[in-house]
Amino acid sequence: MATVDYRSLAGDILQGVGGERNIASATHCATRLRLKLRDDSKADQAAIEKLPGVITVMKAGGQFQVVIGNNVPTVYAELGKITKLTDDDAGSDEPVAHGNLFNRFIDLIASIFSPVIWPLAAAGLLKAFLSMATQFGWLDPASQTNVILAATADAIFYFLPVFLAVTAAKRFKTNQFTSMAIAGALVYPSIVALAAQAEPVNFAGIPMVMMNYTSSVLPIIVAVWLQGYAERFLTRVLPSAIRNFTTPLLTLLVMVPLVLLTVGPVTTFAAQGLSAGINAAFTFAPWLAGAVMGGFWQVFVLFGLHWGLVPGMLNEISTQGYSLLMGPLLAAVLGQAAATLAVLFRTRNKARRTVAGPAALSGFLAGITEPAIYGVNLPLKKPFYFGIAGGVVGGAIAAAGGSGATAFVFPSLLGLPAFSQVGNFGLQLLGTGSAVLIAFLLTFFFGPREDEAAAVSDAGIPVPEASSVALPAASPATASAAAGTGAVAPGTVDIVAPVAGSAVALADVQDKVFASGAMGKGLGIIPADGHIYSPITGTIKAAMKTGHAFGIKSEDGVEVLVHIGIDTVQLQGRGFEAAVTRGQQVRAGDLLAVVDLDVVTEAGYDTTTLVMVTNTAQLGSVEPVAGGTLAHGDTAITVRV
């Protein structure tokens with residue numbers, strides 16, 4: 001397999017099944033390329049089976065399955081480069097999103113922001129340096145140089161909906177250029193001007209409540225999500241002769257007014273109600289209003305509700321020379337920055353540290369927290385919560401002292417002078433310092449400590465850390481094998497049963513590919529419970545997002561596939577919960593996944609769990625047990641390498 005040209009193989013498979021037009025959909029599981037063909041008679045099964053790199057071909061479950069083995073993700077990726085068939089997320093090793101609705105929402109936001117985190121961090125740092133330069137008189141704020149540099153730093157924040165349209169389009173599988181056109185309409189100068197004017201606005205006679213969508217997050221994400229439904233509906237109903245231009249035409253005509261008519265009013269009314277409530281609280285219980293503003297300002301920004309508060313702040317400054325609403329914001333912003341700083345010191349994940357460093361700096365110096373929140377705190381969840389906790393306490397203290405801002409500035413260390421002339425500045429410093437300490441200490445001592453070897457996923461979601469139990473030191477032979485030579489270290493390796501149950505000879509497994517031994521030697525186990533454990537100590541090399549299959553490579557070079565159930569990829573993760581991800585170190589007996597066997601059975605699938613040694617050909621011998629009942633941890637396969 002090492003000499004296979006995977007791009008050529010993908011092209012040959014494509015040709016062998018009758019071309020892209022004959023493929024209705026393409027996905028992959030742990031070992032197989034799964035194609036749904038429009039016309040099975042156009043596929044040359046015999047020719048595909050002869051291709052270098054193809055183990056066998058089978059037809060099952062309405063799919064044309066090309067069995068490739070461990071390298072199927074590579075073939076699938078190459079297929080995606082030459083067709084428009086593949087789903088970028090299918091078969092990836094990202095964990096399936098589990099948990100409550102709020103946690104899934106956080107994961108969604110983090111995944112959409114992940115590709116733009118570095119530009120946001122860079123722009124945030126530039127804003128911090130520009131703010132410092134103008135604050136200390138190094139750069140004239142009215143100079144053309146400052147105007148150009150400020151535009152450079154501000155552009156990504158101002159046009160943030162356009163950037164998020166691209167990443168949301170990838171997430172929701174929509175036409176990204178149509179998504180960008182929708183976002184462009186939301187931040188179009190004349191639309192921004194309509195939001196600023198006092199006169200009523202209407203669309204085709206329908207009254208429209210306008211809001212400023214620059215720098216907004218949720219409106220475009222909601223718009224692109226709805227766009228996906230519109231595009232799929234139009235693709236089904238429109239004639240092919242006019243589909244290519246009428247689909248984006250109708251989508252734009254519907255989506256832009258729809259967002260302006262619905263998201264704008266909902267957000268505006270919610271923000272106005274929030275503003276009225278907080279202003280009332282400042283009158284009767286300033287500390288309570290400060291706690292709300294300090295703790296939840298970043299949440300308001302996340303949902304776009306802050307736009308209802310900004311006019312109140314500007315009005316306060318213009319009428320009385322200062323804004324009490326802004327007093328607690330220093331605690332809110334610097335609390336989140338402090339939580340990010342704690343992640344920088346606490347995490348063992350190098351990739352996370354490289355994001356946390358500049359993100360914390362831009363938060364402290366410029367009050368720009370988008371890189372910190374979307375690149376660090378939200379994906380890790382606890383730092384975001386701890387930042388809120390610091391903001392609650394700090395905001396309450398600052399508001400109790402009557403603190404306010406005399407200018408509309410970004411809440412930051414460089415903007416601190418604007419908060420020094422109203423109320424008790426000592427309590428403002430005490431509140432801000434309390435927010436920083438609380439957020440930093442809580443995150444440092446109780447935040448997630450990611451594993452050094454784990455990588456931050458493309459979705460910005462943290463990879464769970466490995467077992468805290470240290471692995472035994474590798475032998476020289478093992479170290480040589482791990483160096484990438486592909487050689488297998490000499491010795492004997494015991495592969496234990498990943499689950500208690502009845503052993504089944506491989507030949508009796510109800511899947512002809514596994515039963516044939518084409519994937520290697522091994523056995524099946526009819527599981528007695530749904531807890532599946534690692535059969536060997538090593539590294540997770542593959543972890544399907546559906547939680548049904550895992551590839552593990554031992555320190556001795558033995559490659560093991562644990563496949564839970566037969567054809568259970570069709571369940572799309574329903575009933576499965578993965579406990580590990582790719583790159584994680586595990587010991588024999590560490591939990592791999594939990595499966596609800598009743599869900600699998602009721603769906604009509606076989607629960608037999610397969611344990612396969614996929615590099616059997618490189619080994620001296622692979623001897624599975626003959627049969628009988630196995631307890632979890634009993635030796636199931638003896639490998640002589």
Side-chain angles (χ1 to χ4, degrees), residues 28-32 67 69-70 72-73 91 93 95-96 466-467 493-504 506 509-511 513-515 517-569 571 573 575-597 600 605-616 619 622 624-625 630-639:
H28 77 86
C29 61
T31 59
R32 311 175 191 192
V67 184
N70 295 338
V72 68
D93 52 22
V96 179
S467 170
V493 178
D494 287 335
I495 299 173
V496 302
V499 64
S502 301
V504 178
L506 198 60
V509 170
Q510 299 302 306
D511 182 292
V513 174
F514 290 130
M519 292 300 302
K521 293 183 179 180
L523 78 163
I525 300 175
I526 301 174
D529 66 75
H531 291 76
I532 311 298
Y533 301 92
S534 177
I536 198 167
T537 294
T539 304
I540 302 293
K541 293 297 184 180
M544 300 299 293
K545 72 173 184 179
T546 50
H548 79 285
F550 303 88
I552 309 166
K553 185 173 183 179
S554 78
E555 296 176 321
D556 301 287
V558 179
E559 298 176 5
V560 179
L561 171 68
V562 178
H563 196 288
I564 308 169
I566 305 296
D567 216 29
T568 45
V569 66
L571 289 171
F576 292 82
E577 183 170 357
V580 295
T581 54
R582 183 167 62 91
Q584 184 172 336
Q585 301 292 315
V586 293
R587 291 182 63 87
D590 284 353
L591 184 67
L592 293 179
V594 178
V595 55
D596 189 329
L597 298 178
V600 177
Y605 295 101
D606 188 339
T607 61
T608 301
T609 296
L610 295 146
V611 187
M612 312 282 299
V613 179
T614 56
N615 63 336
T616 295
L619 305 172
V622 176
V625 297
L630 293 172
H632 160 232
D634 286 351
T635 298
I637 304 173
T638 300
V639 177

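Any value given below was found using the heavy atoms of this structure, including those in side chains, with hydrogens, waters and symmetry copies removed.
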**Student:** Hey, could you give me the CE/CG distance between M612 and L610, rounded to the nearest 0.5 Å?
**Tutor:**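 Between atom CE of M612 and atom CG of L610 there are 6.5 Å.
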**Student:** Less than 4.5 Å apart, any side-chain heavy atom of V558 and any of V613?
**Tutor:**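 Heavy-atom side-chain distance check passes, below 4.5 Å.
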**Student:** Quick one: pull up CG in L592 and OG1 in T609 and give me the separation to the nearest 0.5 Å.
**Tutor:**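 Reported value, rounded in 0.5 Å steps: 10.5 Å.
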**Student:** Would you call M519 and V67 a side-chain contact if the rule is heavy atoms closer than 4.5 Å?
**Tutor:**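 Yes, close enough: below the 4.5 Å cut-off.
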**Student:** Write down the atom of G517, the atom of L506, and the distance for their closest heavy-atom approach.
**Tutor:**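 The pair with the smallest heavy-atom distance is CA-CD2, 4.3 Å.
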**Student:** Can you give me the closest heavy-atom contact between Q510 and I566, atom names plus distance?
**Tutor:**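 For Q510 and I566, the tightest heavy-atom pair comes out as O-CG2, 3.7 Å.
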**Student:** Find the distance between OG1 (T614) and NZ (K553) and round it off to the nearest 0.5 Å.
**Tutor:**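 Rounded to the nearest 0.5 Å, the OG1-NZ separation comes to 10.0 Å.
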**Student:** Indicate the atoms forming the closest heavy-atom contact of L561 with A549, along with that distance.
**Tutor:**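 The pair with the smallest heavy-atom distance is CD1-CB, 4.5 Å.
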**Student:** T537 versus S554: any side-chain heavy-atom pair under 4.5 Å?
**Tutor:**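 SC-SC contact between T537 and S554 ruled out.
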**Student:** For the side chain of N615 and the backbone of E559, is there at least one donor-acceptor N/O pair under 3.5 Å apart?
**Tutor:**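 Side chain of N615 to backbone of E559: a pair is present.
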**Student:** What distance separates L523 CG from I495 CD1, expressed to the nearest 0.5 Å?
**Tutor:**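 That separation rounds to 9.5 Å.
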**Student:** Any idea which heavy atoms bring A631 and A497 closest together, and the distance?
**Tutor:**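 For A631 and A497, the tightest heavy-atom pair comes out as O-CB, 3.7 Å.
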**Student:** Decide yes or no for V509 and D606: does some side-chain heavy atom of the first lie under 4.5 Å from some side-chain heavy atom of the second?
**Tutor:**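 No, too far: nothing below the 4.5 Å cut-off.
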**Student:** Hey, could you give me the OG1/CD1 distance between T635 and I637, rounded to the nearest 0.5 Å?
**Tutor:**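 Going from the OG1 atom of T635 to the CD1 atom of I637 covers 10.5 Å.
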**Student:** Which atom pair, heavy atoms only, marks the closest approach of L591 to I532?
**Tutor:**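 Taking every non-hydrogen atom into account, CD1-O, 3.5 Å.
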**Student:** Assess the residue pair T546 and F576 against the criterion (side-chain contact (heavy atoms from CB on, under 4.5 Å)); give the C-alpha distance rounded to whole Å, side-chain angles, the decisive distance to 0.1 Å, and a yes or no.
**Tutor:** CA-CA 7 Å; T546 50; F576 292 82; over 6 Å; no
**Student:** Can a donor-acceptor pair be found, under 3.5 Å and without considering hydrogens, that links the side chain of T616 to the backbone of K521?
**Tutor:**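 Present.
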**Student:** Side chains of T581 and I540: closer than 4.5 Å at any heavy-atom pair?
**Tutor:**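 When only atoms from C-beta onward are counted, I540 and T581 do not touch, as no gap falls below 4.5 Å.
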**Student:** Side chains of V600 and T568: closer than 4.5 Å at any heavy-atom pair?
**Tutor:**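 SC-SC contact between V600 and T568 confirmed.
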**Student:** Dump the intermediate steps for side-chain contact (heavy atoms from CB on, under 4.5 Å) on I564 and F550, then the final yes or no.
**Tutor:** CA-CA 9 Å; I564 308 169; F550 303 88; 4.2 Å; yes
**Student:** For H632 and Y533, take the angle between the two ring planes, folded into 0 to 90°, and tell me which bin it lands in: parallel under 30, tilted 30 to 60, perpendicular over 60.
**Tutor:**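 Correct class here is parallel.
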**Student:** Take R32 and D511 through the test salt bridge (charged side-chain N to carboxylate O under 4.0 Å, His left out) and record every step on the way to the result.
**Tutor:** CA-CA 13 Å; R32 311 175 191 192; D511 182 292; 2.7 Å; yes
**Student:** Quick one, V611 and V560 - any side-chain contact, counting heavy atoms below 4.5 Å?
**Tutor:**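 When only atoms from C-beta onward are counted, V560 and V611 do touch, with a gap below 4.5 Å.
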**Student:** Would you say the rings of F514 and H563 are close, in the sense that their centroids are separated by under 6.0 Å?
**Tutor:**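 Yes, the ring of H563 comes within the 6.0 Å limit of the ring of F514, centre to centre.
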**Student:** For the residue pair S534 and I552, what are the closest heavy atoms and their distance?
**Tutor:**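 Scanning both residues, the minimum pair turns out to be OG-CD1, 3.6 Å.
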**Student:** Check whether any side-chain heavy atom of I525 sits under 4.5 Å from a side-chain heavy atom of P498, and report yes or no.
**Tutor:**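 Yes; the side chains approach each other to less than 4.5 Å.
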